[in-house]
Amino acid sequence: MKSFKITTLPGDGIGPEVMNAALAVLDVVGNEYDLNFKIITELAGGASFDQYNEPITESALQSCLESDAVLLGAVGGPKWENLPQEKKPEKGLLKLREVLGLFSNLRPAKIFASLANASSLKKDVIVGSDVMVIRELTGGIYFGEPRGHNEQEGFNTLRYKKYEVERIAKVAFEFARKRNGHVTSVDKANVLDSSQFWRDVVHEVHQDYQDVPLSDMYVDNAAMQLVRDPKQFDVILTQNLFGDILSDITAMITGSMGMLPSASIGENHAMYEPVHGTAPEIAGQNKANPIAMIGSIAMMLEITLNQPEAAHRLNDAIETVLENGIRTIDIASSDSMIVTTDGMRDEIIRAFQQTNKAISNSRELVKE
Ligand code: NAD
């Protein structure tokens, strides 16, 4: 039996509810695949501030550092909005990313055919699209020095070191290779020196990944192409600022922000979390949609825990439930069956177990 240590940070608002649902699913996956999960729960965000006067404690960080993977719900809410900067819930998140060295952010935007009507784009434009945006997370213009503003000017510095581009390019090529896909590296090399540098380094790294097709695209064109024909993309590799914008465009193509998982990966650590926030207005009501958190578990199984079959079955289970018209209130339409957070959890578990049964039944038939 393989064992993994997972630190969970449920956080605030709906965070603990979606985390509980996801952990129940993980338990079932563990039983099915003979995986042992040692789950450590720590506080983060407002919940940590209330208890310890800090948005994340040293001991929580230590537990994350010692884990195979970290699962985060979401942090923040009106209760903590007026705290000084260094005590704000978001500070806990930033600290966590820094300490774990999470330099890449992976945001998949897959269209569930049964939810295609939720998108503002035409159904035939989006159905079948499955894009992964891989965004550099710890460098570029958000962190470059010097930076500043006064009454006369404002300025930031866009600078990338070679190792920063190399390591994120590797993540993109590895990921694309695993799913037999291709990489589109997005830059602005016609105008920016830093982008020409980015392009040169990406092509250098590509020498080791000749089996993965690579193309380059200017960011303005990429934004346009994403809404014109998202199916042309597979893995999009890009710098921090462009990735921030493009990943929100891809998220909106799906039409359902509450469905989207994400992963942040470093050299030695990884954290998985839904893209959505703490939805304070529905917190504690058993109404939150747990799919983004459960999808984050699927990403963890695939990327960090190297359990692709379990991950695919879990994603299939989510898709089956949606195809059966089962919805939490945020994605409901007139003909759907509305369930609670716990109800969605149970439906996904049932669908997962049925897939397993179907597969083991077919194995039995083959044996006969
Ligand atoms: P939000 O994502 O919490 O909510 C936006 C809308 O989507 C709301 O109508 C909400 O009810 C709905 N929603 C979001 N997730 C849902 C789910 N799983 N099920 C059902 N409905 C869902 O964004 P917001 O309102 O801008 O932010 C609320 C708080 O969350 C703020 O304090 C913000 O700072 C924080 N936040 C945290 C993170 C994070 O921890 N990574 C990310 C975004 C926002």
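Starting from 1, each residue takes its place in the sequence as its number. Order of appearance sets the numbers: ligands from 1, and atoms from 1 within every ligand.
Not less than 6.0 angstrom separates the ring centroid of H149 from the ring centroid of F155. In summary, the aromatic rings of F49 and W80 are positioned with their centroids too far apart to meet the 6.0 Å limit.
At least one heavy atom of E90 sits closer than 4.0 Å to an atom of ligand 1. In this structure, A292 has no heavy atom closer than 4.0 Å to ligand 1.
Closer than 4.0 Å to atom 26 (O) of ligand 1 lies none of the heavy atoms of the protein. Contact annotation for atom 32 (O) of ligand 1: protein present (non-hydrogen atoms, distance under 4.0 Å). Atom 18 (N) of ligand 1 is approached by the protein to below 4.0 angstrom, counting heavy atoms only. For atom 3 (O) of ligand 1, the nearest protein heavy atom lies under 4.0 Å away. Less than 4.0 angstrom separates atom 6 (C) of ligand 1 from none of the non-hydrogen atoms of the protein.
Per-residue contacts place P280 under 4.0 angstrom from the following atoms of ligand 1 (heavy atoms of the residue considered): 28 (C). Every atom of ligand 1 is numbered from 1 in the order shown, and the set under 4.0 Å from a heavy atom of G76 is 32 (O). For ligand 1, the atoms sitting less than 4.0 Å from at least one non-hydrogen atom of G77 are 32 (O), numbered in the order shown with element in parentheses. For ligand 1, the atoms closer than 4.0 angstrom to any heavy atom of E273 are 41 (N). Listed by number with element, the atoms of ligand 1 under 4.0 Å from a non-hydrogen atom of A74 are 40 (O). In the vicinity of A288, heavy-atom distances shorter than 4.0 Å reach the ligand 1 atoms 19 (N).
Cation-pi geometry between R177 and Y209 is not met at under 6.0 angstrom from the ring centre and within 45 degrees of the axis.
Within a 6.0 Å sphere centred on CZ of R159, other residues, nucleotides and ligands contribute 12 heavy atoms or fewer. Shown here is D193, whose CG atom has no more than 12 heavy atoms of other residues, nucleotides or ligands within 6.0 Å.
Polar contact with ligand 1: present for V75 (N/O pair, distance under 3.5 Å). Not one N or O of L72 is nearer than 3.5 Å to an N or O of ligand 1, by distance alone. In terms of N/O distances under 3.5 Å, ligand 1 is approached by T278. The shortest N or O to N or O distance between G277 and ligand 1 is under 3.5 Å.
For L301 against A310, the heavy-atom pair with the smallest separation is CD1-CB, 4.3 Å.
At a heavy-atom cutoff of 4.0 Å, ligand 1 is contacted by no atom of P89, backbone or side chain. Residue I282 touches ligand 1 through its side chain alone, judged by heavy-atom distances below 4.0 Å. Contact annotation: for E281 versus ligand 1, heavy atoms closer than 4.0 Å belong to the side chain alone. In D330, the part holding a heavy atom less than 4.0 Å from any atom of ligand 1 is the side chain. The side chain of I14, and not its backbone, has at least one atom closer than 4.0 Å to an atom of ligand 1 (non-hydrogen atoms only; side chain from C-beta on).
Looking at D50 and K79, a side-chain N of the basic residue comes within less than 4.0 Å of a carboxylate O on the acidic one, giving a salt bridge. Under the 4.0 Å criterion applied to side-chain N and carboxylate O atoms, D130 and K110 are not assigned as salt-bridge partners. The existence of a salt bridge linking E204 and K162 is confirmed by a sub-4.0 Å separation between a basic side-chain nitrogen and an acidic carboxylate oxygen. R345 and D342 are joined by a salt bridge, as a carboxylate oxygen and a charged side-chain nitrogen come within less than 4.0 angstrom of each other.
Side chain to side chain, Q225 and Q232 meet the donor-acceptor criterion of an N or O pair below 3.5 Å.
For the pairing with Y160, the ring-ring contact (aromatic ring centres under 6.0 Å, His included) check across Y142, F197, W198, F103 returns one residue only, W198.
Of the listed options G13, A279, G46, A44, A279 places a heavy atom closest to atom 22 (C) of ligand 1.
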